[in-house]
Amino acid sequence: MPVSYKPLDIKTISHNEDIEIHYFDELDSTNSWLKDNGNCGDVCICESQSEGRGRRGNRWQSPNTGNIYFSMCWCFDKKLKYHSLIGLIVGIATAEALADTGVSGHGLKWPNDIYWQSKKLGGILIESSSQSERLIIGIGLNISITNSVKARIGQESTSLSEILDKNEFSRELLLSHLIYRLNKNLKQFNSLNFDDFIHSWNNWDILKGKIVSFTHHGIKISGLVDQLDEFGRLGIIKNNGSLEYFSTADIKLRPQETI
Ligand code: BTN
């Protein structure tokens, strides 16, 4: 059912007083805007992006209004113990925010994709600016995408308007929960307990126990997805029984092979 589009009513998005929300009809990219203009804690949201960026140099198709194109500038005051887990923590916050808003049946595909059943619902792009402790966290969520945008995405994707059985969906409510969850999870990041992290991750993980195949340095590898390690690397039990961990930079899982 198509969700009727209304521009965001920014003043109804609840957030702490120390967070400033910058809202635009159109931008090149909310990540780029915040990188150049944002202070720590600021949020940038827009209705469409002309140069939306995805991971691995991909474009994030963003001509449609009515979706979520969101970025937050987050600063840590000291070097991070588990730097490589940040993207996973942001994924958990996003999944939690969707659940807070009444969405169910979604999950996380390592490292940074939000999935609903076997289709991509959203993605996360984390970029660091000059100082490594200042991060730009970008989140794109499909609320209502047209068929022509879907055709351009290049992988199976879905949107909340297809999933939810209602034609009203409050993006403001989802954004309020998202800001709350991000703040909570990122504030706790430096005192992160790995057991708690892995417990939360396992709640949302859609790959564990699945057979996957991917190419690693030109070599085709397949195996059974096991637990993440303390660096957030994906454990794979290979066909010969050995367990090997792969970092985000190493591999690109192809969705049609994983679900
Ligand atoms: C992915 O490739 O899955 C990550 C997509 C991230 C898209 C979001 S939309 C808001 C923010 N601004 C951008 O240019 N990209 C991110």
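Just follow the structure's listing: the first ligand is 1, and inside any ligand the first atom is 1. One-based numbering along the sequence shown. No hydrogens, no waters, no symmetry mates; every other heavy atom, side chains included, goes into these values.
- For ligand 1, the atoms closer than 4.0 angstrom to any heavy atom of R55 are 1 (C), 2 (O), 4 (C).
- Considering both main-chain and side-chain atoms, Y69 never comes within under 3.5 Å of ligand 1 through any nitrogen or oxygen pair.
- With respect to K119 and E162, no salt bridge is recorded, no charged nitrogen being found less than 4.0 Å from a carboxylate O.
- Near G54, meaning under 4.0 Å from one of its heavy atoms, ligand 1 places the atoms 1 (C), 2 (O), 4 (C), 5 (C).
- Protein heavy atom at the shortest distance from atom 8 (C) of ligand 1 is G140 N, 3.6 Å.
- Shown in contact with S71 at under 4.0 Å from a heavy atom are these atoms of ligand 1, numbered in order with element: 11 (C).
- Between E156 and K120 no salt bridge is recorded (no basic side-chain N to carboxylate O distance below 4.0 Å).
- Proximity of Q49 to ligand 1, defined as any heavy-atom pair under 4.0 Å, is confined to the side chain (atoms from C-beta onward).
- Counting only distance, with no hydrogens or angles, the side chain of D229 and the backbone of G232 share a donor-acceptor pair below 3.5 Å.
- Screening R134, R55, R53 against E127 for a side-chain hydrogen bond (donor to acceptor under 3.5 Å, both in side chains) leaves a single residue, R53.
- The residue N58 has no part lying near ligand 1, judged by heavy-atom distances below 4.0 Å.
- Taking the six-membered ring for Trp and thresholds of 30 and 60 degrees, H216 and F246 have ring planes more than 60 degrees apart, a perpendicular arrangement.
- Checked against the 2.5 Å cut-off, the SG-SG distance between C75 and C40 falls under it.
- Residue K109 holds its NZ atom at 11.0 Å from CG of D205, rounded to the nearest 0.5 Å.
- Rounded to the nearest 0.5 angstrom, D226 CG and L207 CG are separated by 12.0 Å.
- At a 4.0 Å heavy-atom cut-off, ligand 1 does not touch N112 at all.
- Among R56, R53, R59, the residue whose heavy atom lies nearest to atom 6 (C) of ligand 1 is R53.
- When only non-hydrogen protein atoms are considered, atom 3 (O) of ligand 1 lies nearest to K120 NZ, 2.7 Å.
- Of the N or O atoms in E51, none lie within a sub-3.5 Å distance of an N or O in ligand 1.
- Backbone and side-chain nitrogen or oxygen atoms of T30 are examined, and one is located within less than 3.5 angstrom of a nitrogen or oxygen of ligand 1.
- Here the CG-CD1 distance, from N142 to I153, works out to 5.5 Å after rounding to the nearest 0.5 Å.
- Under the ring-ring contact (aromatic ring centres under 6.0 Å, His included) criterion, F197 pairs with F194, not counting sequence neighbours.
- Side-chain atoms of N67 come within 3.5 Å of backbone N or O of I143 as a donor-acceptor pair.
- Counting atoms of ligand 1 from 1 in the listed order, those under 4.0 Å from a heavy atom of D113 are 3 (O).
- Distances below 4.0 Å separate heavy atoms of G52 from the following atoms of ligand 1: 14 (O).
- Around atom 4 (C) of ligand 1, the closest heavy atom drawn from L141, I124, I137 belongs to I124.
- Shortest contact from atom 5 (C) of ligand 1 to any protein heavy atom: W60 CE3, 3.3 Å.
- For ligand 1, the atoms closer than 4.0 angstrom to any heavy atom of S29 are 12 (N), 13 (C), 14 (O).
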